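What follows is a set of notes on a single structure, which appears directly below.
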There are 2 protein chains.
Amino acid sequence: MFQALADPTRRLMVERLCDGPASVSELAAPLQMTLSAVVQHLAVLEESGLVRSQKQGRVRTCQVDTQALRSAERWISERRTLWEKRFDRLGAYLAENPEEPKEGPQT
Amino acid sequence: MFQALADPTRRLMVERLCDGPASVSELAAPLQMTLSAVVQHLAVLEESGLVRSQKQGRVRTCQVDTQALRSAERWISERRTLWEKRFDRLGAYLAENPEEPKEGPQT
DNA sequence: GCAATACTTAAGCGTATGCTTCACCAACCA
DNA sequence: TGGTTGGTGAAGCATACGCTTAAGTATTGC
């Protein structure tokens, strides 16, 4: 998932797909690389669940799947708020115990 | 950023740091690899802005920086809602134009 | 001062990643 | 029917990544 979003080309592809579905060659058009490379990126995106696609005739149409995006968002959000809560507690602790916290407020 | 979160070990380290600051060796303790490897992961996390650290005496203490997490979260969230809005519009369109959308509602 | 601790840095190594080329197949269409 | 379009799959290659070992530096405690 994060692996899939790690590559800038793939992020571009996701951004493009957020503007609407696209065929493989439409996706490839703005990118400075072969169709083959784009297809390989697409495979990674599909494996990660970020993108789905179906073939109709000879053209494959791709679109994003927000489920995966949602879960990545949740992962980050949970970690972030966890830390921010901790940070608040630390603030409160420091306000009450003004000096020499030789043993920190671990846990 | 996403690059940094792409590695499972680094995600573990971030999770650990969300429970509170830790020294390099505390961070390394639960991981089945050398201190050296952990330090290298740490460097990636610091470059990405996900983690900050400072050295006091001979021990380096690390903590997460929510700024970076926040911006990753925003990126995902923006893309996701963008797509979901589009999806809603498409639903409305289909409800009003029941047949043969030979030219899709692109844009 | 001396040893232990807590990193730090550099070199090396195997595997994964991102890309290309080339050959190929399946629609479409003039 | 034959050429063009749109995509697929395999092979190969250069570079990046994750890790190890090994040698070194800067604190800390006795």
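The sequence lines fix the lettering, A, B, ..., with proteins before strands; numbering per chain opens at 1. Quick caveat, the model's predicted, so the values are computed rather than measured.
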May I have the distance from A:Glu47 (atom CD) to C:dA16 (atom P), rounded to whole angstrom? 14 Å
Sorted by chain and residue number, the side chain to side chain donor-acceptor pair (under 3.5 Å) partners of A:Arg58 (sequence neighbours excluded) come out as none
Starting from P on C:dT17, measure out to NE2 on A:His41 and report it in whole angstrom. 12 Å
Out of curiosity, A:Phe2 CZ to B:Asp7 CG, how far, rounded to the nearest 0.5 Å? 12.5 Å
For each nucleotide in nucleotides 25-30 of chain C, reading 5' to 3', give B when a protein heavy atom comes within less than 4.0 Å of its base, S when such contact involves only the sugar-phosphate, and - otherwise. --BS--
Under a 4.5 Å cut-off applied to non-hydrogen side-chain atoms, are A:Val24 and A:Leu42 in contact? yes
Quick check for you: name the first and last nucleotides of DNA chain D, 5' to 3', having an atom under 4.0 Å from a heavy atom of chain A. D:dT5 to D:dA10
Ring pair (Phe, Tyr, Trp, His ring centres under 6.0 Å) partners of residues 4-61 of chain B, not counting sequence neighbours, each pair once: none
Single-linkage hydrophobic cluster B:Leu82~A:Leu50, side-chain heavy atoms < 4.5 angstrom: no
Heavy-atom donor-acceptor pair, A:Glu15 side chain to A:Leu12 backbone, under 3.5 Å: no
For the backbone of A:Leu69 and the side chain of A:Thr66, can you confirm whether one donor and one acceptor N or O come within less than 3.5 Å of each other? no
salt_bridge(B:Glu84, B:Arg80) N-O dist < 4.0 Å: yes
Do A:Leu35 and A:Val51 share a hydrophobic cluster (ILVMFWY, side-chain heavy atoms under 4.5 Å, transitive)? yes
In residues 27-36 of chain A, which residues come under 4.0 Å of DNA chain D by heavy atom? A:Leu35, A:Ser36
Short question: side chain of B:Arg11, backbone of B:Leu5 - any donor-acceptor pair under 3.5 Å? yes
Quick check for you: to the nearest 0.5 Å, what is the distance between A:Ser48 atom OG and A:Arg10 atom CZ? 8.0 Å
Protein-nucleotides 11-13 of chain C N/O pairs closer than 3.5 Å?
none

Classify the side-chain pair B:Ser53/B:Glu46 by whether it contains a donor and acceptor separated by less than 3.5 Å. yes
Does the Lys NZ or Arg CZ of A:Arg79 fall within the cation-pi geometry relative to A:Trp75 - under 6.0 Å from the ring centre and within 45° of the axis? yes
Residue whose closest nucleotide on DNA chain C lies nearer the 5' end, A:Val38 versus A:Gln3: A:Gln3
